[in-house]
Amino acid sequence: MKLTFHGAAKTVTGSCTLLQIGKLKILVDCGLWQGSEEIESRNWLPFGFPPSTIDYLILTHAHLDHCGLIPSLVREGFAGEILCTEPTRDLARLILTDSAQLQEEEATVLSKKERRRGGGPVRPLYEIEDVLVSLDRFGDPIPLHKTIDLAKGVKLQLRDAGHVLGAAFVHLRVTEGRKRPKRLIFSGDLGNTDKLLTPDPAEPEPADGVILESTYGDRQHRSMRDSIAELRQALLLTFARGGNVLIPSFALERSQELLAVLFQLYKRKELPGCQIFLDSPLAISATKVFRRYSECLKPEEAQALAHSPNAFDFPALRFVRSSEESKAINAIASHAIIIAGSGMCTGGRILHHLKHQLWRPECSVVFVGYQAEGTLGRKLIEGARTVRIFGEEVAVRAQIWTINGFSAHADQSGLLRFLTHAQKPEKIFLVHGEMPSLVALKQAIQTKLGRTAHIADWKETVEI
Ligand SMILES: [Zn+2]
Ligand SMILES: [Zn+2]
């Protein structure tokens, strides 16, 4: 049995791991590279394996850094089956369609520039048609905890990763010949505990090997209670100064969790006179999927959603679909909370809002999710004094807040707890993290669990 790390090795994005068991080839995730220009250029490289030889693609969840290269994989010949939970299938449809639209728009802009220079048209990474063909490759959804036979001696089970709606970690039980069965876990992205909507991660079974995400391997999150208090403080201080609050947010999960938090503050009458805008057609559509699968949320939240008002429907909240409505928000000077994508400020409507509000000292920008190296979001949290937006230099005078307690990812304690439940497996491979997180997590695994973890390298193959 062999593992090759084709993505998210010594970086966070581009998740893609190939497992070969004899002739059977299983890919776990096929994500988009996001971040610096160097990282994003990898989206255009050929896959490190012939896509036509892959039998199954197991998709842990619908975030773009896990599903975003599926259309390229299918276009390059993948004809196997995509296995995931039902909410992940519905969310991946939305996320991939949106991604293709962005790719096409970007290619149109670049083509215009190229033509002016006398060049030819620029092709998008993939198009809507590629997404439509990809959707045909999704097999019947896999219910959590149900054991599925993938091939002789290979059994699959998905369990709740508590990361975003539909997210799962992967259990594989592999029996090769007369050898003792080996149990492998791919963590995908593991969730933080104490979120308002999504339940905590399920416990894994004992395993021989774990491929573990390491996003926040070097830190502990503040509690949800403290994080809500910090957000409240950010909002009230900003409104007292006469400004607005921008919250760059991932359309999937962060936005819905934020709405749940803001609804709590609204119910306690702590947000007088404020207007909340969910300015993201993608987040609005994802919110509908949350309603459809409310049985996957915490039971008390599922019940609350059946009544009005609720986290997704209360008087201060407005869903903004059209770009005209989005532009109209610019006319509001104060008491607006604007939640818009993209989460790492790499594109989308948040850029327009940043251009209009970032230079205003009375405003605030609140980051509630991971900001990869090389993104505009990362520059802002690292204290940039000016940034370039749409080719224009914009001064950063707004107050910048980072509230990691709202993170959808487990912190170091959560990751160690996961390994402890898996009975401190013999082989641990660390992926999906930047070097400081990987190194800190490796050290913590050594000192606290007495195990040696290996930091996976890009394109590295290991025998297990
Ligand atoms: Zn994720
Ligand atoms: Zn991820």
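Atoms within each ligand, like the ligands themselves, are counted from 1 in listed order. Below, all heavy atoms of this structure are taken into account, side chains as well, without hydrogens, waters or symmetry copies.
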Please tabulate, for side-chain N and O atoms in residues 436-446, each donor-acceptor pair with protein atoms closer than 3.5 Å (sequence neighbours left out).
{"from": "Ser437", "atom 1": "OG", "to": "Thr215", "atom 2": "O", "distance (Å)": "3.2"}
{"from": "Ser437", "atom 1": "OG", "to": "Asp218", "atom 2": "OD1", "distance (Å)": "3.2"}
{"from": "Lys442", "atom 1": "NZ", "to": "Ala453", "atom 2": "O", "distance (Å)": "2.8"}

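- Rounding to 10°, one obtains 100° for the angle at the Zn ion (ligand 1) between ND1 (His63) and NE2 (His61).
- Note on Asp65: its N/O/S atom closest to the Zn ion (ligand 2) is OD2.
- With a cut-off of 2.8 Å, the Zn ion (ligand 2) has no N, O or S atom of His409 in range.
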Worked verdict on Phe429 versus Phe5 for ring-ring contact (aromatic ring centres under 6.0 Å, His included) = CA-CA 10 Å; Phe429 301 98; Phe5 302 95; 5.7 Å; yes

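- Geometry about the Zn ion (ligand 2) gives an angle of 90° between OD2 of Asp189 and NE2 of His66, rounded in steps of 10 degrees.
- Ionic pairing of Glu205 and Arg183 is not present here: no N-O contact between side-chain nitrogen and carboxylate oxygen is shorter than 4.0 angstrom.
- Residues satisfying the salt bridge (Lys or Arg N to Asp or Glu O under 4.0 Å) test with Asp160, not counting sequence neighbours, are none.
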